[in-house]
Amino acid sequence: MSMRFAELAFRQTPMGDLSLRRRRDPMLKIDVYEVKLGDEFLMSSLFTVAEIALARLGLAELDADGDLDVVVGGLGLGYTADAVLADPRVRSLLVVDALEEVISWHRQRLLPFAEALVTDPRCRLLHADFFALSADPEGYGPVHAVLADIDHSPRHLLHPGHADFYTPDGLRRLSGRLHPGGVFGLWSNDPPDESFTALLREVFATARAEVVAFDNPLQGRLSTNTVYLARTPTEPAGSS
């Protein structure tokens with residue numbers, strides 16, 4: 001029998017106090033895993049539909065039959081990474097997280113999908129700044145897909161230093177990490193932002209926002225998140 005509540009890990013970080021908690025939901029009769037940074041809830045295992053959809057929708061955009069190389073920005077509870085590995089076409093997955101503690105939770109098997117992620121030979125967990133790595137020409141790539149779930153939305157950032165990523169120059173640097181026809185996917189807690197979708201269309205060949213609906217047992221209604229999907233041209237710039 002699970003404990004009603006347990007703090008599985010706690011660490012002070014430069015971004016605030018980070019904690020991993022497990023609680024038993026008496027109504028749903030399941031264990032719920034939650035991550036808090038300071039006073040903010042970063043993630044909950046109650047709400048994972050859109051995180052999984054980020055992987056599935058992003059990879060569904062790709063035409064290749066196999067040997068896909070994927071980068072996930074933000075490890076979190078591991079749902080996006082697990083969904084990427086469920087696609088048999090994936091050859092390699094690099095998961096980047098700025099919080100070493102989050103990677104440690106998985107390596108200690110404290111989270112539901114931890115065993116699968118840390119033992120799958122296709123998967124590598126990297127403690128690094130995803131935004132700095134994406135801006136660095138030597139950071140990674142070329143890859144077929146980059147899927148990011150770090151900030152609450154392009155306008156609601158966890159840290160002001162992330163802002164440059166969501167500018168035309170930042171997105172162009174990211175597009176340079178992708179193969180022709182590669183996909184950038186971004187999770188957002190907010191409704192679709194038409195101005196951000198338009199910005200994606202300035203940089204990428206195509207872009208759209210998908211609304212993902214899911215049951216919210218805490219509020220007794222449907223809630224929604226947004227997944228932005230953008231593709232680079234299928235032919236390199238300048239080719240005929």
Side-chain angles (χ1 to χ4, degrees), residues 48-74 79-81 83-96 130-131 133-137 139-157 162-214 224-240:
T48 61
V49 172
E51 285 85 346
I52 295 169
L54 171 63
R56 292 178 177 172
L57 290 171
L59 297 184
E61 291 288 298
L62 295 168
D63 300 326
D65 294 328
D67 293 335
L68 298 180
D69 300 312
V70 181
V71 171
V72 167
Y79 285 87
T80 299
V84 169
L85 292 173
D87 190 318
R89 299 176 299 160
V90 172
R91 173 174 59 188
S92 73
L93 170 62
L94 173 65
V95 187
V96 184
F130 166 78
F131 300 102
L133 203 65
S134 296
D136 182 354
Y140 59 81
V143 296
H144 299 91
V146 175
L147 309 172
D149 177 5
I150 298 175
D151 291 312
H152 295 301
S153 76
R155 295 184 182 275
H156 186 186
L157 310 181
H162 300 173
D164 182 66
F165 180 79
Y166 302 99
T167 66
D169 285 344
L171 293 170
R172 287 190 188 97
R173 286 190 289 268
L174 172 71
S175 70
R177 310 278 78 77
L178 292 166
H179 285 296
V183 172
F184 169 51
L186 177 71
W187 174 90
S188 172
N189 191 49
D190 292 344
D193 183 332
E194 290 300 328
S195 63
F196 183 68
T197 306
L199 177 59
L200 288 172
R201 291 187 181 123
E202 289 180 19
V203 175
F204 294 87
T206 63
R208 72 181 193 277
E210 290 269 353
V211 174
V212 179
F214 54 91
T224 61
N225 290 162
T226 301
V227 173
Y228 295 96
L229 298 164
R231 287 190 67 181
T232 60
T234 54
E235 295 293 336
S239 64
S240 57

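Since this is a predicted model, take the numbers as computed values, not measurements. Sequence positions, counted from 1, serve as the residue numbers for this chain.
The side-chain hydrogen bond (donor to acceptor under 3.5 Å, both in side chains) test applied to Asp67 returns no partner, not counting sequence neighbours. Partners of His162 by ring-ring contact (aromatic ring centres under 6.0 Å, His included), not counting sequence neighbours, listed by chain and number: Phe131, His159. Considering only residues two or more places apart in sequence or on other chains, Ser134 meets the side-chain hydrogen bond (donor to acceptor under 3.5 Å, both in side chains) condition with Tyr140. For Ala55, the side chain to side chain contact (heavy atoms under 4.5 Å, CB included) test picks out Thr80, Ala83, Val84, Leu147, with sequence neighbours left out. In terms of the side-chain hydrogen bond (donor to acceptor under 3.5 Å, both in side chains) criterion, Arg56 has no residue partners (sequence neighbours excluded). Applying the side-chain hydrogen bond (donor to acceptor under 3.5 Å, both in side chains) criterion to Asp87, with sequence neighbours excluded, gives Arg89. With sequence neighbours excluded, the residues satisfying side chain to side chain contact (heavy atoms under 4.5 Å, CB included) with Thr226 are Ser188, Pro192, Ala209, Tyr228. Asn189 meets the side chain to side chain contact (heavy atoms under 4.5 Å, CB included) test with Trp187, Asn225; sequence neighbours excluded. Listed by chain and number, the residues in a side chain to side chain contact (heavy atoms under 4.5 Å, CB included) with Ser92 are Asp69 (sequence neighbours excluded).
Thr234 places no side-chain N or O within donor-acceptor distance of the main-chain N or O of Pro180, the cut-off being under 3.5 Å. Under a 3.5 Å cut-off, the side chain of Thr48 and the backbone N or O of Glu51 do not form any donor-acceptor pair.
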### Task
Give the C-alpha distance, both sets of side-chain angles, the deciding distance and a yes or no for side-chain contact (heavy atoms from CB on, under 4.5 Å) between Asp149 and Tyr79.
CA-CA 11 Å; Asp149 177 5; Tyr79 285 87; over 6 Å; no
#### Entry: Check against side-chain contact (heavy atoms from CB on, under 4.5 Å), Leu174 and Val203
CA-CA 10 Å; Leu174 172 71; Val203 175; over 6 Å; no
### Task
Determine, stepwise, if the pair Tyr166 / Asp151 fulfils side chain to side chain donor-acceptor pair (under 3.5 Å).
CA-CA 11 Å; Tyr166 302 99; Asp151 291 312; 2.7 Å; yes
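With a 4.5 Å cut-off on side-chain heavy atoms, Val143 and Leu178 count as touching. Side-chain contact check for Leu68 versus Arg91: every heavy-atom pair is 4.5 Å or farther apart. Here the side chains of Val71 and Leu133 are not in contact, with every heavy-atom distance at 4.5 Å or above. You'll find the side chain of Phe165 stays beyond 4.5 Å of the side chain of Leu157, heavy atoms only.
The two residues Ala81 and Val95 make their nearest non-hydrogen contact at CB-CG2, 4.0 Å. Minimum interatomic distance between Ile150 and Gly73 (heavy atoms only, all atoms of both residues): CG1-O, 3.4 Å. The shortest heavy-atom contact between Leu54 and Ala148 is CD2-O, 3.7 Å. For Ala207 against Leu200, the heavy-atom pair with the smallest separation is CB-CB, 3.5 Å. Listed here is the closest heavy atom pair of Leu62 and Ala145: CD1-CB, 4.1 Å.
Judged as a salt bridge (Lys or Arg N to Asp or Glu O under 4.0 Å), the pairs with a partner in residues 166-179 (not counting sequence neighbours) are, in order, Asp164-Arg173, Asp169-Arg172. Residue pairs meeting the salt bridge (Lys or Arg N to Asp or Glu O under 4.0 Å) criterion with at least one partner in residues 178-201, sequence neighbours excluded, are Arg155-Asp193.
Considering OG1 of Thr224 and CD of Glu210, their distance stands at 12.5 Å, rounded to 0.5 Å. Between the CZ atom of Phe184 and the CG atom of Leu229 there is a distance of 9.5 Å, given to the nearest 0.5 Å.
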